[in-house]
Number of protein chains: 2
Amino acid sequence: MVLHKASQPLKVASDSAETPQSSRHGQIALKSSDNPNLVSYKSAGTGTLGKALEVLDIIAMSAVPLRFTDILKVVDQPRGTLHRQLSNLIEEGLVLANPDGTYDPGLRLMKLAAKAWSKNSFRTIAEPHFRKLHEATGETVHLGVLNGLEVIYVDKIESNQTVRMHSQLGNASPLYCTGIGKAMLALLERDDCAERAEKFNYVKHTETTLHTPQLLLAEIEQIRAAGVSHDREEHEVGIRCVSAGIGGEASSTIAGVSVTAPAYRITEDTILKWESLVFETARAIERDMAVSMGPRSQQ
Amino acid sequence: MVLHKASQPLKVASDSAETPQSSRHGQIALKSSDNPNLVSYKSAGTGTLGKALEVLDIIAMSAVPLRFTDILKVVDQPRGTLHRQLSNLIEEGLVLANPDGTYDPGLRLMKLAAKAWSKNSFRTIAEPHFRKLHEATGETVHLGVLNGLEVIYVDKIESNQTVRMHSQLGNASPLYCTGIGKAMLALLERDDCAERAEKFNYVKHTETTLHTPQLLLAEIEQIRAAGVSHDREEHEVGIRCVSAGIGGEASSTIAGVSVTAPAYRITEDTILKWESLVFETARAIERDMAVSMGPRSQQ
DNA sequence: ATTAGAAGTTCCATTATTTGGAACTCCATT
DNA sequence: AATGGAGTTCCAAATAATGGAACTTCTAAT
């Protein structure tokens, strides 16, 4: 099907797939989605597993706890089938059945995720640099990785300890309106980038949100040149951030770091200082990544 | 929210199951495991899903990154089968294929877990009381829930900000050597408790670890009477903790809160103060739980 | 109370997926 | 260039999932 090269990892034949992406060096393509506010994977590809996860996603992504019938309305499945799928998910600990007849994502997910987090080699390598960035700026810093049309935050250090620290770990945000998101887009091949730009479900969160592919792509060009990106209250009023992408040539993961702070607290000087700090942090992480993966570890 | 009575959630007929447990009021039984150091679910129950999760668990629980063959040696499956299962897991984003041919748990787990965490109604309800406990003691506090033979920590506030806060969220510890674990055991029916006591894979972490069912059960009796439990450097030298269980009659979840600190810093007076604080916190959480679930919400 | 009808659960012949063995392709070593 | 280890593909046979319909609750309305 495709030409093998190294003892590369599994290559999935994306049979009837819809949106292949990040086809760089034989890496597995993630599934994307239509991304409304709540992104849910559009599975139905991977047989039984995919169907089970579709149900799990519905339960996890819903804003309110769902009952059997609520789920039934969303998944296109006969009652009997859904019932068994839920039973299986519950038995596996992936879904929790509340006493009031609603369903919630289960504890086992947290357990698995804790491992995913602590084992994630990108995060581990990035951590010291990331922390140094926090110390240098004294502000909140984020570390996120690219996943389809969104950023997933894998680490965060708060400036203000009254806010819960882990509140956002694992959370996903759209790429088009976040500093890290735009910085990561700028690292993609232009085609890929443009393709994704078309797919967003743009929501104009604030006055300055880049809410069309054109606006977004124009800015991406600037970011490409500058090496850093800005979030000028594009996602939330009063919040600004400076960010740099990580990955480029060498790495198989595309990621980004950012410094965030309330707009009122930031001067132009601060911004400039952050630009170089953030940029240097990204470069440092890239260097460590390259080392840890060996000089040439992709095809 | 609603006070349905018996529009009870799914009840799983644990067909050929091995270790049913917590059979209290029709709640779904979680699967247990043999619990060495790293607990991994012993699935193989729920058809295809279970098998897929078995592979995922192996990948997640391993201390070192595994290659295809490493996994193959552990799962009792033919190569072709494992290969397809991995493909599916990768395609679903549950497993990440590293460029060097090893596999790691995937990002989608973090995304799901983030939702599981923020939606967890127990944690949400417990939070204010939990936070108050931290403020009253100034020390590290934990919130954990019972899952088979282990505690899963669902919240934590550190006293000492130099340590990473979220580093333990979602992590699991054995019941027999943790304050919360013992407090939770004390809430179970005696039979259930004794049954679990037999199943632990006791490791004598320190001098004071209760490393036999007898020692453990004897202490549980005391805890039952006292209403609070102690960890007297049983898990880690130099670390003590005071804890109280949450759940008892009303609730369907069994959980616990604890205050932890270095032994050298704690006086007997402190311990006494913590005992009542922790006890009161547990009671307050129970009250709020009862309210939110309606007066009598299980069959 | 009684009843209509949601909401949830079970059953089982049909259908679709998964299985497992073996053959095949690479790659790294000797 | 030859061996063996590692990963991949294929397909008939075995197994598990499907989906419709019948059956139980429970809920709200008469």
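Chain letters run A, B, ... following the sequence lines, proteins first, then strands; residues in each count from 1.
- Nucleotide D/dG19 holds its P atom 12 Å from the CG atom of A/L72, rounded to whole Å.
- D/dT9 atom P lies 11 Å from atom CZ of B/F68, rounded to whole Å.
- For A/Q77, counting side-chain heavy atoms from C-beta on, the closest listed nucleotide (C/dG8, D/dT18, D/dA16) is D/dT18.
- Rounded to an integer number of Å, the gap from CG of B/D100 to C1' of D/dG7 is 15 Å.
- Ranking C/dT9, D/dA16, C/dT17 by closeness to the A/T48 side chain, first place goes to C/dT17.
- Distances were taken from every side-chain heavy atom of A/H83 (C-beta onward) to each of C/dT9, D/dT18, D/dA6; the shortest belongs to C/dT9.
- Here B/L49 contributes atom CG and A/L89 contributes atom CG; the two are 5.5 Å apart, rounded to the nearest 0.5 Å.
- Considering only side-chain atoms of B/T69, the nucleotide from D/dA6, C/dG20, C/dT9 that sits closest is D/dA6.
- Between the A/E150 side chain and the A/L175 main chain, no donor and acceptor come within less than 3.5 Å of each other.
- Distance from the side chain of B/R84 is smallest to C/dT19 among D/dA6, D/dT18, C/dT19.
- A distance-only check finds no donor-acceptor pair linking the side chain of A/R123 to the backbone of A/D155 [under 3.5 Å].
- Between the side chain of B/R79 and the base of C/dG21, no donor-acceptor pair of N or O atoms lies under 3.5 Å.
- Taking atom CG on A/L82 and atom P on C/dA7, their separation rounds to 14 Å, with Å as the unit.
- With the nearest nucleotide of DNA chain C identified for both B/T81 and A/T81, A/T81 has the one nearer the 5' end.
- Using a 4.0 Å cut-off between charged nitrogen and carboxylate oxygen, A/K51 and A/E54 do not count as a salt-bridge pair.
- In this entry the distance linking CD1 of A/I90 with C1' of C/dT9 reads 13 Å, nearest Å.
- In this structure, NZ of B/K51 is placed 11 Å from C1' of D/dA14, rounded to the nearest angstrom.
- Rounded to an integer number of Å, the gap from B/R67 CZ to D/dT8 C1' is 16 Å.
- Here the side chain of B/Q85 is nearest to one of D/dA16, C/dT19, D/dT18, namely C/dT19.
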